Amino acid sequence: MEPYRPQPIDTSGADLGELQPRLEELARNAHEGWARERMNAGWGWGAARSDTEKHHPSLVAYEDLPESEKDYDRAVVAETLKTVIALGYRISRG
């Protein structure tokens, strides 16, 4: 088997423009969706992650997350939006 070599879509030319100020709101929503899915699957808060006990330290309100976790959510949302733009789509306020 050949080694895996990720080849994401080039988003270097994608500009978020008017969406940039919305990143925090979108990151919060991404966290809320992730947390809801985990909780619906029986997960709860725990000081350390445990897959067997279904505990995760990030099952807290977005405001209570460490800044590093918020940065992760912001980066995922920003990259997703940039990918949509790089694929030639426009995001506009309806």
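This is a predicted model, so every value here is computed, not measured.
Checked for salt-bridge contact, Arg74 and Glu79 miss the test: no charged N lies under 4.0 Å from a carboxylate O.
Across every non-hydrogen atom of Ala14 and Lys82, the tightest pair is CB-O, 3.5 Å. Considering every non-hydrogen atom in both Gly17 and Pro21, the closest pair reads O-CD, 3.9 Å. Heavy atoms only, all atoms of each residue included: Leu59 and Trp45 are closest at O-CD1, 3.7 Å. The two residues Pro57 and Ala48 come nearest to each other via the heavy atoms CD-C, 3.9 Å.
Residues Leu65 and Asp73 meet the side-chain proximity criterion, which asks for heavy atoms closer than 4.5 Å. Proximity of Leu23 to Leu81: side-chain heavy atoms (C-beta onward) are separated by under 4.5 Å at one or more points. Side chains of Ile85 and Leu16 form a contact here, defined as non-hydrogen atoms less than 4.5 Å apart.
Between Tyr62 and His31, the ring planes lie tilted relative to each other; the angle falls in the 30° to 60° range.
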Problem - Trace of the side chain to side chain contact (heavy atoms under 4.5 Å, CB included) decision for Leu19 with Ile91 - result: CA-CA 9 Å; Leu19 292 171; Ile91 302 170; 3.8 Å; yes
Exercise for the section: Check the pair Trp43 / Asp51 against side chain to side chain contact (heavy atoms under 4.5 Å, CB included), numbers first and verdict last. Expected result: CA-CA 9 Å; Trp43 285 69; Asp51 291 347; 3.2 Å; yes
Handout entry: Chi angles and distances behind the side chain to side chain contact (heavy atoms under 4.5 Å, CB included) call for Trp34, Ser58
Key = CA-CA 10 Å; Trp34 170 83; Ser58 294; 3.9 Å; yes
Exercise for the section: Report the C-alpha separation of Arg49 and His55 in whole Å, then their side-chain angles, then the decisive distance to 0.1 Å, and conclude whether the side chain to side chain contact (heavy atoms under 4.5 Å, CB included) test is met. Expected result: CA-CA 5 Å; Arg49 180 179 173 153; His55 290 162; over 6 Å; no
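No more than 12 heavy atoms of other residues, nucleotides or ligands shown are found within 6.0 angstrom of CD on Glu18. The environment of OH in Tyr72 is sparse: at most 12 heavy-atom neighbours from other residues, nucleotides or ligands sit within 6.0 Å. No more than 12 heavy atoms of other residues, nucleotides or ligands shown are found within 6.0 angstrom of CZ on Arg22.
Hydrophobic clustering keeps Val60 apart from Val76 (ILVMFWY residues linked when any side-chain heavy atoms are closer than 4.5 Å, directly or through intermediates).
Using modelled atom types, no side-chain atom of Lys70 and backbone atom of Arg28 make a donor-acceptor pair closer than 3.5 Å.
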